[in-house]
Amino acid sequence: MSERKFGFETRSLHAGHIPDAETGARAVPIYQTTSYVFRDPRDAAQLFELKQYGNIYTRISNPTTAVFEERVASLENATGAVAVASGMAAQFAVFMTLLSPGDEIVASSHLYGGTMVQLAHTLKKLSIQARFVEPGDLSAWEAAITPRTRALYGEIIGNPGGSILDLEPLSRLAKSRGIPLIVDGTFATPYLCRPLDWGATIVVHSATKFIGGHGTSLGGVVAESGNFNYSGFPSIADPSPSYHGLRFFDTFGHYAFLMKLRAETVRDTGACISPANSFQLIQGLETLSVRMEKHTSNALAVARHLSEHPKVARVRYAGLPDHPDHERAKKYLPKGPGAVFAFDLKTRPGEERSTGEKFIKALQLFSHLANVGDARSLVIHPASTTHQQLSDDELKQSGIGPEMIRLSIGLENVEDLLWDLNQALHAASV
Ligand SMILES: *Cc1c(COP(=O)(O)O)cnc(C)c1O
């Protein structure tokens, strides 16, 4: 093959796979198998000792999933990737691989509701403390770091207010403290932003959303830069009791983190992805660029329309010039800041909730459900659904009020979406 570095679209169709030599199958086959025959007993022992790379059991690796992993790694400009059952599983696998009891993590307060709960409550059970900071305030990140801090965490496009993470200074800060910056790239996908190119060490995705793109399959993926020096980082550098004292960083170098995440964390927590889901997510990757173009152009048109609508108080889309992070969006997401954003209804005092309910009920094309990144347009009321586990204080910290509506703009004719929103705003008679 040539030395040519292929473009994004070409790699989204070809990376990680060549047509099946035996059958000629052009599409990636679904290897629906739990286990793999060893060539001989020596081969088996080598595989189990991590002295040889190969498939043992689908909880750890699978050939269909491997294509998905290599394709994501290629699109993220990563050294490699590991796919798991869901976005939540991807984040958790990263935390379990990097953190030990007594460690701390500093995170943006503008996060997916489930992530907030995982960080604040589930990690607490493992004696890991999360400190939340306003993502745009660099000095707050600095101040929250202690000698026990082992990672920084944020979403490239914050949920649901659309804040944009300032990747460059945050990666510099992380580097200066010898800790990795982990970025959730779900709302952007590698088509709109590649956090590793801006100095982040790890990117996680809920592939359930725009990567799959059709609301059919759960999946998550972790990709890593391969250029973080883990030599002084205990969980990756120290001898591992679960592999006879194997030192992952000494042994696997740039691949140490991903090797440990796969061979220990995913092996032991069991949050593997099914080969059938990997297949679905590969189909999503193959059309990612054309879908994201349309998602973002539709989103910008809808955001502009709503921002001029008399029944809308404000629109929080970083693609609009009045958003506080608009300049940052232009820098890190020049093709547009995705297709998920929130807006506030104009309501009378005390009627925030009921007006929101009337509006959602009147919509005809938008589906009311807890998801984003479907080909169809979606709507939800965060305060009563995705973020309802948060206390009033946490809600306020995340910038979520009862008058806020979140949209995920799909691939429909944009005129039809504007029609639907207009008629529902009218019906809610704000
Ligand atoms: C959905 C989502 C998650 C969790 O992913 P699942 O696949 O639902 O487990 C994490 N982060 C963001 C930004 C999400 O939108």
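All values below were derived from every heavy atom in this structure, side-chain atoms included, with hydrogens, water molecules and symmetry-related copies excluded. Order of listing sets the numbers, starting from 1, for every ligand and every atom in it.
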- Task: Please assess Y255 against Y53 for the test ring-ring contact (aromatic ring centres under 6.0 Å, His included), listing each intermediate value before the final yes or no.
- Result: CA-CA 12 Å; Y255 209 71; Y53 201 73; 7.1 Å; no

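- Outside the 6.0 Å centre-distance limit, the rings of F6 and H14 are not counted as a close aromatic pair.
- Within the listing of ligand 1, atoms 10 (C), 11 (N) sit less than 4.0 angstrom from a heavy atom of Q91.
- From W141, atom CH2 reaches atom CG of L173 across 9.0 Å, with rounding to the nearest 0.5 Å.
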- Apply side chain to side chain contact (heavy atoms under 4.5 Å, CB included) to the pair M292 and K335, showing each step before the final yes or no. CA-CA 9 Å; M292 291 313 288; K335 294 195 182 98; over 6 Å; no

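- The single protein non-hydrogen atom nearest to atom 2 (C) of ligand 1 is K209 NZ, 2.5 Å, given as residue, atom name and distance.
- Within ligand 1, counting atoms from 1 as listed, the ones closer than 4.0 Å to a heavy atom of F187 are 13 (C), 15 (O).
- By the 3.5 Å distance cut-off applied to N or O atoms, N159 is not counted among the residues near ligand 1.
- Residue-level proximity to ligand 1 for D184 is carried by the side chain, the only part with a heavy atom below 4.0 angstrom.
- Between V372 and ligand 1, a contact under 3.5 Å exists for no N or O pair.
- If you look at N371 next to ligand 1, there are no close heavy atoms at all, none under 4.0 Å.
- Residues F341 and L306 meet the side-chain proximity criterion, which asks for heavy atoms closer than 4.5 Å.
- Between the side chain of Y332 and the main chain of L167, a donor-acceptor pair closer than 3.5 Å is present.
- A side chain to side chain contact (heavy atoms under 4.5 Å, CB included) with I282 holds for exactly one of I211, V28, V72; it is V28.
- With V84, V221, T208 as candidates, the residue nearest to atom 7 (O) of ligand 1 on a non-hydrogen basis is T208.
- Polar contact check, M88 against ligand 1: a nitrogen or oxygen pair lies under 3.5 Å apart.
- Nearest non-hydrogen protein atom to atom 4 (C) of ligand 1 is Y112 CE2, 3.5 Å.
- When only interatomic distances are considered, the shortest N/O to N/O separation between E155 and ligand 1 does not fall below 3.5 Å.
- Given atom 5 (O) of ligand 1, the protein heavy atom at minimum distance is S206 OG, 3.0 Å.
- A distance of 10.5 Å separates CG of L288 from CD of E293, quoted to the nearest 0.5 Å.
- At least one cation-pi condition fails for K260 and F252: the charged atom is not both under 6.0 angstrom from the six-membered ring centre and inside a 45 degree cone around its axis.
- The contact set between ligand 1 and S86, taken as ligand atoms under 4.0 Å from a residue heavy atom, comprises 7 (O), 9 (O).
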